[in-house]
Chemist: 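Below is the structure I would like to discuss, written out as structure tokens.
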Amino acid sequence: MASYDFKTIEEKWQKRWENDPRLKAVDFHPTKPKYYVLYEFYNISGNLHMGHLKGTVPADALARYKRFKGYNVLFPIGGDAFGLPAENAAIKHGIDPHKFVEDGMKTVLDQSKKIGLSFDYSRTICTSSPEYYKWTQWIFLQLFKHDKAYKKVGKVNFCTHCQTVLSNEDSQGGKCDRCGNDVIQVNRNVWFLKMREYSEKLLKNIDNITMAENLKEAQRNWIGRSEGIEFDLGLYDENGNKKEDLSIFTTCIETVYGITFVVLAPENELIEKLSSSIQNMDEVRAYQEKTALRSEFDRMSQVKDKTGCILKGIYAKNPVTDELVPVYIADFVLNGYGTGAVMAVPCHDQRDYEFAVSFNIPMKQVIEGDCSKGAVEKGEYLVSNPKMVNSGEFSGMDVLSAKPKMAQMVIDKGFGRKIVNYKMQDWSFNRQRYWGEPFPIVFCDHCGIVPLDESELPLLLPPTKDYLPNAQGDSPLSKIDSFVNCTCPKCHGKARRETDTMPNWAGSSWYWLRYIDPHNDKALADYEKLKYWGSVDCYTGGTEHITRHVLYAFFWQNFLYEIGAVPTRDPFVRKMGSGLILDSEGKKMSKSSKNGVSPLEVIDKYGADVARLHVHFLAGYEDNCIWSFKGIEGITNFVDRVWKLQDMIKGDDVSKEHIVELNKLIKKTGEDYENLKLNTAISACMIFLKKIKEDGFITREELRQFLIVLNPLAPHITSEMYEMVFGQDILDQSYPEYDESKIVEDEISLPIQVNGKFRTTIKVSRDSTQDEIVSQIKSKNLIELGNVKKTIYVPNKIINFIV
RNA sequence: GCUGGUGUGGCGGAAUGGCAGACGCACGGGACUUAAAAUCCCGAGAUGGCAACAUCGUGUGGGUUCGAGUCCCACCACCAGCACCA
């Protein structure tokens with residue numbers, strides 16, 4: 001037997017798989033059930049790194065397993081190509097981004113093939129190709145037509161380095177997701193998508209999907225649902241004249257009697273309206289200017305001393321007590337959340353307490369507890385449930401029963417209502433960058449904002465050599481007159497195009513739908529095909545996009561469902577977040593930190609099968625692991641032993657020596673592939689191999705089944721051996737069935753406990769009765785039992801004597 | 001601070017409430033070899049003992065149970081998300 005020449009053999013199979021129809025998905029397959037496996041498509045930036053193996057290989061193993069199980073599997077791949085990497089290459093090295101993407105796509109697809117990934121390469125898509133972005137633009141047009149997209153001047157995140165507006169999702173932690181610099185807040189004319197309107201639907205998507213709890217919690221956190229009461233209080237001037245209405249959102253209506261002041265966000269528009277009644281407008285303006293300079297992140301994250309400014313001459317009337325209390329502005333109140341104003345109850349909110357101390361404002365306790373050193377907050381009183389005080393008719397009640405009654409009271413009196421608030425904001429959707437989808441929108445002096453007709457799509461991104469925004473921060477497209485100047489689709493007068501482009505998250509917000517029908521030029525995908533393939537059954541990929549891409553995906557799929565473009569609301573049935581591969585210092589492997597180990601290096605040295613096995617033997621799919629070559633010998637050894645099995649064949653059918661182990665193996669690996677638990681699947685294969693080695697032989701049928709079981713993990717070597725030994729292609733085989741009754745052994749080793757402590761084991765035949773076992777123990781004189789008070793016998797599990 | 005998750009040998013990691021440490025790495029011993037590498041076999045949680053065996057042992061402290069790594073309560077540590085959200 002020649003030794004295993006992985007280079008030649010792996011290449012041979014990779015060539016064969018490239019165009020193998022058996023690896024391609026079949027629309028409307030007459031007999032096979034469908035299964036859709038998705039891996040988060042590649043961000044086109046250069047070479048793949050080991051981290052990619054963490055997500056792609058389990059998906060590939062699942063796809064191969066499901067094909068064996070008789071499913072019609074859709075397992076596609078593509079490139080997320082708009083955005084930073086191509087644009088930076090253009091700016092820094094003058095590389096045409098189209099060319100960069102073309103080369104980048106080729107690279108990642110070639111490398112995928114070298115890993116042995118069985119994608120259906122005939123369905124490959126790329127978000128920056130006009131055939132694709134035509135439909136991204138089409139979706140935007142639908143959003144616009146259905147009043148889900150609007151343009152508004154507002155405070156938005158802006159990165160001075162990248163010269164572009166960013167969404168909240170793109171500036172998590174106050175850092176630009178593109179370059180890592182601090183984000184500032186600027187006023188801009190910005191496109192927003194009404195994502196907030198979809199909050200409840202997104203929460204429903206989260207309930208429906210199968211996903212790790214911590215990831216679901218991160219998403220719920222991001223949406224930030226909060227139930228409470230909104231109620232009206234009036235703003236009055238010094239002479240008791242009502243000037244304006246003001247609403248306040250609170251989750252703690254039980255503290256309403258304890259309001260001693262009210263705080264508005266510095267940007268609250270009521271301040272201008274009240275300016276004639278505010279006696280210290282100079283101070284107020286100075287404070288507004290001061291806070292405007294601080295970034296929102298700075299304002300929110302650094303809990304320093306409370307700053308603020310009183311609105312002299314303005315009072316708010318508490319509608320429950322009719323008391324007049326002073327009004328302040330302070331930067332801890334955010335204009336974008338609730339009504340941009342809060343009621344302050346210093347005794348029962350630590351933040352209000354600190355503000356009251358700084359500004360010497362009186363406090364009023366309305367719930368029992370010690371407020372001398374700080375607030376008694378809801379986290380405390382809702383648990384200990386003390387009595388209400390100083391709260392009119394509610395005094396003396398316990399908090400938990402008073403709370404709903406007080407809510408009902410403000411509703412009944414007509415000035416309050418139940419409200420749900422969300423932290424999640426609308427999605428700011430434009431970027432002042434070149435490399436993105438142009439908006440299919442024109443601005444006409446007569447007609448205003450006018451959408452292009454669908455027949456005009458795609459609106460092509462015009463070629464240029466100048467990839468930088470202008471001095472005012474306008475998109476590079478604004479410098480291209482032939483693009484900007486156009487005629488209005490409505491009145492045919494002169495008009496100007498929108499020159500911003502869409503964020504790179506646009507193309508990724510619907511790409512799984514396009515795989516279903518990648519070449520359709522009549523629709524984003526054929527409705528019947530969408531119905532056939534349905535939701536993605538298993539979606540693998542990193543966890544870093546969980547509060548961004550995945551939420552956007554929920555949002556767009558809901559919208560497309562509502563306009564009848566797709567048949568389901570839930571894009572994904574199951575989302576598996578893969579762990580990271582870290583370098584030896586525990587840092588994430590990535591292109592930007594230049595610590596990536598190339599899978600090609602590993603494949604070159606050890607082969608693709610070994611690389612696949614090693615990465616997944618290091619840790620579970622969802623766990624992070626530190627990359628190391630340490631231990632890879634264990635895997636090469638395993639692969640070599642598999643290869644040598646061909647010299648150990650003796651007999652044809654499954655032998656009685658191996659029937660139990662083989663059935664166990666089939667059962668275990670099947671479950672593990674379903675759950676992407678590749679590490680224990682590998683271990684199960686090793687255990688079986690150990691048994692074979694011990695006995696010194698394997699029968700033909702055993703080898704046949706073993707090769708199929710191992711194939712999803714190590715497709716090359718198993719395909720080769722299958723062909724050599726059986727003269728057939730393993731792709732035509734089906735996964736072996738296991739027989740539960742074969743797994744149970746006739747003779748078992750039963751643990752014996754005395755007083756719950758393990759003593760020894762006894763060999764007994766299966767399903768022995770308690771009496772049989774006790775008499776066997778006695779006859780063999782295994783242990784001294786003494787005075788047995790009670791015996792617990794769990795058949796085939798354990799026997800426990802209490803003495 | 002809030003929320004979620006995780007704590008198991010020298011290391012990576014296994015264990016539907018029933019023999020903890022599967023599988024692998026590293027380690028020790030042996031076989032083969034002039035020798036080494038490779039390969040093969042054996043050993044191995046800790047402590048005591050020549051050994052049979054005994055005691056302890058899954059972050060800490062309690063509890064439920066005949067029996068707890070697993071379930072419950074409290075605490076500690078680490079990781080992640082959110083963070084002055086009214």
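Every chain is numbered from 1 and lettered A, B, ... according to where its sequence line falls, protein lines coming before strand lines.
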Chemist: Classify the side chain of A/Thr791 and the base of B/C66 as holding, or not holding, a donor-acceptor pair under 3.5 Å.
Modeler: no

Chemist: Kindly determine whether A/Ile248 and A/Leu233 satisfy side chain to side chain contact (heavy atoms under 4.5 Å, CB included), including the steps that lead there.
Modeler: CA-CA 8 Å; A/Ile248 294 285; A/Leu233 24 64; 3.7 Å; yes

Chemist: Please report the distance, rounded to the nearest Å, between NZ in A/Lys378 and P in B/C2.
Modeler: 13 Å

Chemist: Output, in order, the C-alpha distance, side-chain angles, deciding distance and verdict of salt bridge (charged side-chain N to carboxylate O under 4.0 Å, His left out) for A/Lys677 and A/Glu671.
Modeler: CA-CA 8 Å; A/Lys677 291 177 78 174; A/Glu671 290 165 357; over 6 Å; no

Chemist: Evaluate A/Lys691 against A/Glu661 for salt bridge (charged side-chain N to carboxylate O under 4.0 Å, His left out), listing each step before the verdict.
Modeler: CA-CA 8 Å; A/Lys691 174 74 178 157; A/Glu661 294 292 329; 5.7 Å; no

Chemist: Counting heavy atoms from C-beta on, name the nucleotide in B/A15, B/C66, B/G18 closest to the side chain of A/Ile798.
Modeler: B/G18

Chemist: Side-chain donor or acceptor of A/Asn221 under 3.5 Å from a matching atom on the base of B/C82?
Modeler: no

Chemist: Mind checking the P distance from B/U8 to B/G61? Whole angstroms is fine.
Modeler: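 Here B/U8 and B/G61 have their P atoms 16 Å from each other.
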
Chemist: Return the residues of residues 207-217 of chain A meeting this criterion: a heavy atom under 4.0 Å from some atom of RNA chain B. Order them by number, or give none.
Modeler: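 Per residue number, the list reads A/Glu213, A/Asn214, A/Glu217.
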
Chemist: For B/G18, give its Watson-Crick or G-U wobble partner with both distances under 3.5 Å, or none.
Modeler: B/C66

Chemist: Determine the Euclidean distance between corresponding P atoms of B/G48 and B/A52; express it in Å to zero decimal places.
Modeler: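 Approximately 15 Å lies between the P atom of B/A52 and that of B/G48.
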
Chemist: Under 4.0 Å, heavy atoms only, any strand: does A/Thr547 hit a base, just the sugar-phosphate, or nothing?
Modeler: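 Nothing: the residue A/Thr547, judged by heavy atoms under 4.0 Å, touches no strand.
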
Chemist: Find the distance A/Asn755:CG to B/A54:P and express it as a whole number of Å.
Modeler: 14 Å

Chemist: Salt-bridge test for A/Arg225 and A/Glu200: reply yes if a basic N is under 4.0 Å from a carboxylate O, no otherwise.
Modeler: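 A salt bridge is present here (some side-chain N lies under 4.0 Å from a carboxylate O).
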
Chemist: Starting at atom NZ of A/Lys644, determine the distance to atom P of B/A38, rounded to an integer number of angstrom.
Modeler: 13 Å

Chemist: Does a salt bridge link A/Arg220 with A/Asp207, judged by any charged N lying under 4.0 Å from a carboxylate O?
Modeler: yes

Chemist: Take atom C1' in B/G57 and the same atom in B/A51, then report the distance between them in whole Å.
Modeler: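 Between the two C1' atoms, the distance is 23 Å.
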
Chemist: Is B/G5 syn or is it anti, if syn means the base angle is within 90 degrees of 0?
Modeler: anti

Chemist: Using Watson-Crick or G-U wobble geometry with both distances below 3.5 Å, tell me the partner of B/G24, or none.
Modeler: B/C11

Chemist: What's the verdict on side-chain hydrogen bond (donor to acceptor under 3.5 Å, both in side chains) for A/Thr251 and A/Lys378, showing C-alpha distance, side-chain angles and the deciding distance?
Modeler: CA-CA 10 Å; A/Thr251 56; A/Lys378 67 173 163 186; 2.9 Å; yes

Chemist: Specify the separation, in whole Å, of atom CG of A/Asn796 and atom P of B/U16.
Modeler: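 It is 18 Å, rounded to the nearest whole Å.
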
Chemist: Would you kindly compare A/Arg759 and A/Ser226 by the position of their nearest RNA chain B nucleotide and give the one closer to the 5′ end?
Modeler: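 Of the two residues, A/Arg759 wins.
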
Chemist: Indicate yes or no: does A/Lys667 engage A/Glu740 in a salt bridge with an N to O separation below 4.0 Å.
Modeler: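 Between A/Glu740 and A/Lys667 there is a salt bridge, with a charged N closer than 4.0 Å to a carboxylate O.
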
Chemist: Is the shortest side-chain N/O distance from A/Asn679 to OP1 or OP2 of B/A14 below 4.0 Å?
Modeler: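 Looking at the OP1 and OP2 atoms of B/A14, one of them is under 4.0 Å from a side-chain N or O of A/Asn679.
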
Chemist: Closest to the A/Phe617 side chain: B/C23, B/G81, B/C85?
Modeler: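 So the nucleotide nearest the side chain must be B/C23.
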
Chemist: Would you say B/C84 has OP1 or OP2 under 4.0 Å from some side-chain N or O of A/Lys423?
Modeler: no

Chemist: Mind checking A/Asn637 for me? I need base, sugar-phosphate or nothing, with any heavy atom below 4.0 Å counting as a touch.
Modeler: sugar-phosphate

Chemist: When you measure from the side chain of A/Thr680, which nucleotide among B/U16, B/A14, B/G81 comes out closest?
Modeler: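 Nucleotide nearest to A/Thr680's side chain: B/A14.
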
Chemist: Sticking with atom P, work out how far B/G24 lies from B/G45, rounded to a whole angstrom.
Modeler: 16 Å

Chemist: Ignoring backbone atoms, establish whether A/Thr543 has a side-chain N or O less than 4.0 Å from OP1 or OP2 of B/A80.
Modeler: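 False: A/Thr543 side-chain N/O out of range (4.0 Å or more) of B/A80 OP1/OP2.
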
Chemist: Please report, rounded to the nearest Å, how far the C1' atom of B/G13 is from the CD atom of A/Glu622.
Modeler: 15 Å

Chemist: Between A/Lys216 and A/Glu213, does any NZ, NE, NH1 or NH2 come within less than 4.0 Å of an OD or OE carboxylate oxygen?
Modeler: no

Chemist: More 5' along RNA chain B: A/Ala619 or A/Ser683, using each one's nearest nucleotide?
Modeler: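 The residue closer to the strand's 5' end, by nearest nucleotide, is A/Ala619.
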
Chemist: Quick test of your reading of the model: are A/Lys317 and A/Asp232 salt-bridged, counting only N-O distances below 4.0 Å?
Modeler: no

Chemist: Using the C1' atom on both, measure B/C66 against B/G17 and round to a whole Å.
Modeler: 12 Å

Chemist: Could you please name the option among B/C19, B/A15, B/A86 that lies closest to any side-chain atom of A/Thr251?
Modeler: B/A86

Chemist: With rounding to the closest Å, how many angstrom separate the P atoms on B/G12 and B/G63?
Modeler: 32 Å

Chemist: Please step through side-chain hydrogen bond (donor to acceptor under 3.5 Å, both in side chains) for the pair A/Ser226 and A/Asn421, ending with a clear verdict.
Modeler: CA-CA 5 Å; A/Ser226 163; A/Asn421 247 309; over 6 Å; no

Chemist: Give a yes/no answer on whether the side chain of A/Lys757 brings an N or O atom under 4.0 Å of OP1 or OP2 in B/C56.
Modeler: yes

Chemist: Would you kindly give the CZ-to-P distance between A/Phe758 and B/A68, to the nearest whole Å?
Modeler: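 A/Phe758 atom CZ is separated from B/A68 atom P by 15 Å.
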
Chemist: If I take atom CG in residue A/Asp695 and atom P in nucleotide B/C40, what distance separates them, rounded to the nearest angstrom?
Modeler: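 Interatomic distance, CG of A/Asp695 to P of B/C40: 16 Å.
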
Chemist: Is a donor-acceptor pair below 3.5 Å formed from side chain A/Lys306 to base B/C84, judging by atom type as modelled?
Modeler: yes

Chemist: Determine the Euclidean distance between corresponding P atoms of B/U16 and B/C25; express it in Å to zero decimal places.
Modeler: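 These two P atoms come out 24 Å apart once rounded.
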
Chemist: Using the side-chain heavy atoms of A/Lys690, tell me which of these nucleotides is nearest: B/G24, B/G81, B/C19.
Modeler: B/G24

Chemist: Looking for any heavy atom pair under 4.0 Å, which part of the strands does A/Thr250 touch: base, sugar-phosphate only, or nothing?
Modeler: sugar-phosphate

Chemist: If you measure from the Lys or Arg side-chain nitrogens to the Asp or Glu carboxylate oxygens, is any gap between A/Asp672 and A/Lys668 under 4.0 Å?
Modeler: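 A/Lys668 and A/Asp672: salt-bridged.
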
Chemist: Check this one for me: any side-chain N or O of A/Lys693 less than 4.0 Å away from OP1 or OP2 of B/C40?
Modeler: yes

Chemist: Ignoring backbone atoms, establish whether A/Arg641 has a side-chain N or O less than 4.0 Å from OP1 or OP2 of B/C40.
Modeler: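 Checking A/Arg641 against B/C40: at least one side-chain N or O falls below 4.0 Å of OP1 or OP2.
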
Chemist: Who is the Watson-Crick or G-U wobble partner of B/U60, with both distances under 3.5 Å?
Modeler: B/A74

Chemist: Among B/C66, B/C84, B/C11, which is the nearest nucleotide to the side chain of A/Phe332?
Modeler: B/C84

Chemist: Considering every strand and a 4.0 Å limit on heavy-atom distances, what is the contact class for A/Lys677: base, sugar-phosphate, or nothing?
Modeler: sugar-phosphate

Chemist: Provide the distance between the two P atoms, one in B/C2 and one in B/G69, to the nearest whole Å.
Modeler: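 Each nucleotide's P atom is 30 Å from the other's.
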
Chemist: Given atom CD1 of A/Ile626 and atom C1' of B/G13, what is their separation to the nearest angstrom?
Modeler: 13 Å

Chemist: Nearest to the side chain of A/Lys630, which nucleotide is it out of B/C25, B/C85, B/C82?
Modeler: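 Nearest to the side chain of A/Lys630 among the choices is B/C25.
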
Chemist: Watson-Crick or G-U wobble partner for B/C2, using a 3.5 Å limit on both distances?
Modeler: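 Partner of B/C2: B/G81.
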
Chemist: Now, which nucleotide makes the Watson-Crick or G-U wobble pair with B/C40, with each of the two distances under 3.5 Å?
Modeler: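 Looking at the geometry, B/C40 pairs with B/G30.
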
